[in-house]
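Since the structure is predicted, the reported quantities are computational estimates derived from the model, not experimental observations. Chain identifiers are assigned alphabetically (A, B, ...) following the order of the sequence lines, protein sequences preceding nucleic acid strands; residue numbering begins at 1 within each chain.
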Number of protein chains: 2
Amino acid sequence: MTDTPFNSWQSVQEEVLARIHSRQWKPGDLIPNEADLAQEFGCARATVNRALQNLADEGLLDRRRKAGTRVATHPVRKATMYIPVIRQEIADKGHEYGYELICSERVLPPTEVCNIMEFGRRARAQHIVCIHTADGRPYVIEDRWLNPKWVSVEEISIFNEISPNEWLVTHVPFTEGEIMFSAMSAGKTEAGLLSCKEGEALFVINRTTRNKQEAITSVRLIFAPGYRIETGI
Amino acid sequence: MTDTPFNSWQSVQEEVLARIHSRQWKPGDLIPNEADLAQEFGCARATVNRALQNLADEGLLDRRRKAGTRVATHPVRKATMYIPVIRQEIADKGHEYGYELICSERVLPPTEVCNIMEFGRRARAQHIVCIHTADGRPYVIEDRWLNPKWVSVEEISIFNEISPNEWLVTHVPFTEGEIMFSAMSAGKTEAGLLSCKEGEALFVINRTTRNKQEAITSVRLIFAPGYRIETGI
DNA sequence: CTGCTGCATATGTATATACATAATATTAGA
DNA sequence: TCTAATATTATGTATATACATATGCAGCAG
């Protein structure tokens, strides 16, 4: 029985969560409809709606009109990773940030990059390789292709001072993109830049950002050995 | 000028997004308050509120009472990864799923596991190693420690038939947990189980789930070479 | 038995209103 | 001038009401 009044959507959400966790409502179960819950909790339907909708967003409930609300059978583990600007990430860990431009050239991208960025075969693009360091030690290689349409030739010289990673965030807007996590073995190049042994396992993030379909940039971040990315669920 | 009526929170959100993307409202800018926007869009403040709140949830806006709403300076790239049950993941890719139990033993966990799970030093725990296959080829090693408090001795025999990964989802509730992505080199054991070469780079997911602080299980998923996890931003 | 139609129903959303809360800005007091 | 009390303001939320929309299901026609 509930003698406390559920007068906030958060408290309703907590109660619903408690019932799920206590298995009073088991995965797959149909739970009472909003109107009934509102009456039971002594609040408005809108309040219950807010709570249930939020839980549905988080993947704990499945809701369908007319069919009602049920506890998700496979509570999809949704992990939300926050991907900060690299300088920030290093600073947050309490290390001193460093940046070095390794290479900047305007060349024909490899077909792989052309495919991802949906480039014409003949168009040159800006290729930039740089490295971010933490307390002087290599932290991550940033290997990036830029659509020249979005970054003028004059602007490119800025990358002697500031990393594309950081500059782009505040200067070029994007509407959508893809991100991919994977692992690779250090080749000769990576081993050299990251001062690690060849063959070591490296964590890799590939990211392409677009503005209304059109690719702005595609980057591959190759982290030094031992890097890991963590979050709560 | 807006001659179309913004009579749904989605349309308001789109308009706001458009203004951000067009840089009419630049990162750091203070945008008009809800009441003014409501008037401009010809809708109720609640509708504007829903739209802005949603954008704030996605990290595109920063909102503070009294201070107002501004465009996020560092639009934190938030990547949401959906981590399905392995069987489902393999089935979704159109492969035939297979499962094999490699080892099941009740032993003292290594200190590393004890620390993560906050176990006593003397308590034995259930250790399970199994492998998931796609079309007969090794897909991922599941190396798991179970808190015996949450899984009875009788229940353990079920793991001859069904993977802990799958069984736990529907049988043991959890309230929170941590997840970590990293990379490792294949040792002799991993190479054997995944039939790959020693030293190959493998993608690794570590996950610990808890119920009200208390650890239920801690698992390490070691994927076959080439595995990657992707999502949109 | 099959397929279509329409009704009942649960969720989804818009609105006006009212008050709560946080945090800035202002003012009064020492 | 500095500090503390107070007013102002933008967002946050609860409420009742109304209507929109999807869809399961029953009933009907073929």
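For the pair B:Pro32 and A:Ala44, nearest-nucleotide mapping onto DNA chain D gives the more 5' position to B:Pro32.
A:Arg70 places its CZ atom 11 Å from the P atom of C:dT11, with the value rounded to the nearest Å. Whole-Å rounding puts the B:Arg50 CZ to D:dA14 C1' distance at 15 Å. The CZ-C1' distance, from B:Phe41 to C:dA14, rounds to 16 Å in whole Å. Taking atom CG of residue B:Leu61 and atom P of nucleotide D:dG12, one finds them 10 Å apart after rounding to whole Å. With rounding to whole Å, A:Arg45 atom CZ is found 11 Å from D:dC19 atom C1'. Between the CG atom of B:Asn54 and the P atom of C:dT13 there is a distance of 10 Å, rounded to whole Å. Rounded to whole angstrom, the span from the CD atom of B:Glu34 across to the P atom of C:dT17 amounts to 17 Å. When the P atom of D:dA14 is taken as reference, atom CD of A:Gln13 falls 11 Å away, rounded to whole Å.
Below 30°, between 30° and 60°, or above 60°: for A:Phe223 and A:Tyr139 the angle between ring planes is above 60°, a perpendicular geometry.
Side-chain contact between A:Glu58 and A:Asn54: present, with at least one pair of heavy atoms (C-beta onward) separated by less than 4.5 Å.
Contact annotation: B:Arg63 side-chain N/O to D:dG12 OP1/OP2 distance is under 4.0 Å. For A:Gln53, a side-chain nitrogen or oxygen approaches OP1 or OP2 of C:dG12 to under 4.0 Å. Proximity of A:Gln10 to the phosphate of D:dG12: no side-chain N or O atom is located under 4.0 Å from OP1 or OP2. For C:dT11, the OP1/OP2 oxygens have a side-chain nitrogen or oxygen of A:Thr69 closer than 4.0 Å. One finds no side-chain N or O of A:Thr47 lying less than 4.0 angstrom from the OP1 or OP2 phosphate oxygen of D:dT13.
Each salt bridge (Lys or Arg N to Asp or Glu O under 4.0 Å) pair with one or both residues in residues 60-71 of chain A, not counting sequence neighbours, appears once here: A:Glu34-A:Arg63. Screening residues 131-141 of chain B for salt bridge (Lys or Arg N to Asp or Glu O under 4.0 Å), with sequence neighbours left out, gives no hits. Counting only residues at least two apart or on different chains, the salt bridge (Lys or Arg N to Asp or Glu O under 4.0 Å) pairs with a member in residues 150-172 of chain A are A:Arg87-A:Glu166.
For B:Asn147, the side chain to side chain contact (heavy atoms under 4.5 Å, CB included) partners two or more places apart in sequence, or in a different chain, are B:Met117, B:Phe119, B:Lys149, B:Trp150, B:Glu214.
The environment of B:Arg23 atom CZ is dense: over 12 non-hydrogen atoms of other residues, nucleotides or ligands sit within 6.0 angstrom.
Ion pairing between a basic and an acidic side chain is recognised when a charged N comes within 4.0 Å of a carboxylate O; A:Glu142 and A:Arg220 show no such pairing.
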Review item, nucleotides 4-7 of chain D N/O atoms under 3.5 Å of protein N/O:
none

Distances for protein N/O vs nucleotides 23-28 of chain D N/O pairs under 3.5 angstrom?
from, atom 1, to, atom 2, distance (Å)
D:dG24, OP1, A:Arg64, NH2, 2.1

Steps toward ring-ring contact (aromatic ring centres under 6.0 Å, His included) verdict (A:Tyr99, A:His132): CA-CA 5 Å; A:Tyr99 163 70; A:His132 304 258; 5.8 Å; yes
